[in-house]
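Just below is one structure, and these are the notes that go with it.
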Amino acid sequence: RLRTVTGVQTCALPISRGRLERAAHALADGQPRSLAGLVLARLGQVRDALGDRELAQRTYRAVLALSHAPQVARAAAEDGLREPFALHLT
């Protein structure tokens, strides 16, 4: 699910990036621990899609540093470190 982005979502990438960055910085103790990994994995993908590879890689590494990141987030981060996330428009 984290790997696919539609054409409609492509237009929203800059907006998504800002919202995900704010969400990542606003995570609080009362939220599910898995949320940070999910938010950061998607943020890494958005940063990759916008051409900011270095920052995307740092974000993927942050996901892997979380002991409580869910497997889907870890898999997305590992994939992102192996190769840049690319949009596959359907």
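Residues: numbered from 1 along the sequence shown.
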Looking at residues at least two apart in the chain, or sitting in another chain, which of them share a salt bridge (Lys or Arg N to Asp or Glu O under 4.0 Å) with R74?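 R74 satisfies salt bridge (Lys or Arg N to Asp or Glu O under 4.0 Å) with no residue once adjacent residues are dropped.
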
Honestly curious: do L50 and L55 fall in one hydrophobic cluster under the side-chain, below-4.5 Å linking rule?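 No, L50 and L55 fall in different hydrophobic clusters.
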
Throw together a table of side-chain donor-acceptor distances under 3.5 angstrom for residues 62-73, partners on residues two or more places apart or in other chains.
unit_1, atom_1, unit_2, atom_2, d
H68, ND1, R33, NH2, 3.0
H68, NE2, R33, O, 3.3

If I compare all heavy atoms of T59 with all of L40, which pair ends up nearest, and what's the gap?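 Residues T59 and L40, closest heavy atoms: CG2-O, 3.1 Å.
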
Tell me every residue that passes side chain to side chain contact (heavy atoms under 4.5 Å, CB included) with R53, counting only those two or more places apart in sequence or in another chain.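 Side chain to side chain contact (heavy atoms under 4.5 Å, CB included) check on R53 returns D48, Q57, Y60, P84.
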
To the closest 0.5 Å, what do you measure between CG (D52) and CG (L43)?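 It is 9.5 Å, given to the nearest 0.5 Å.
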
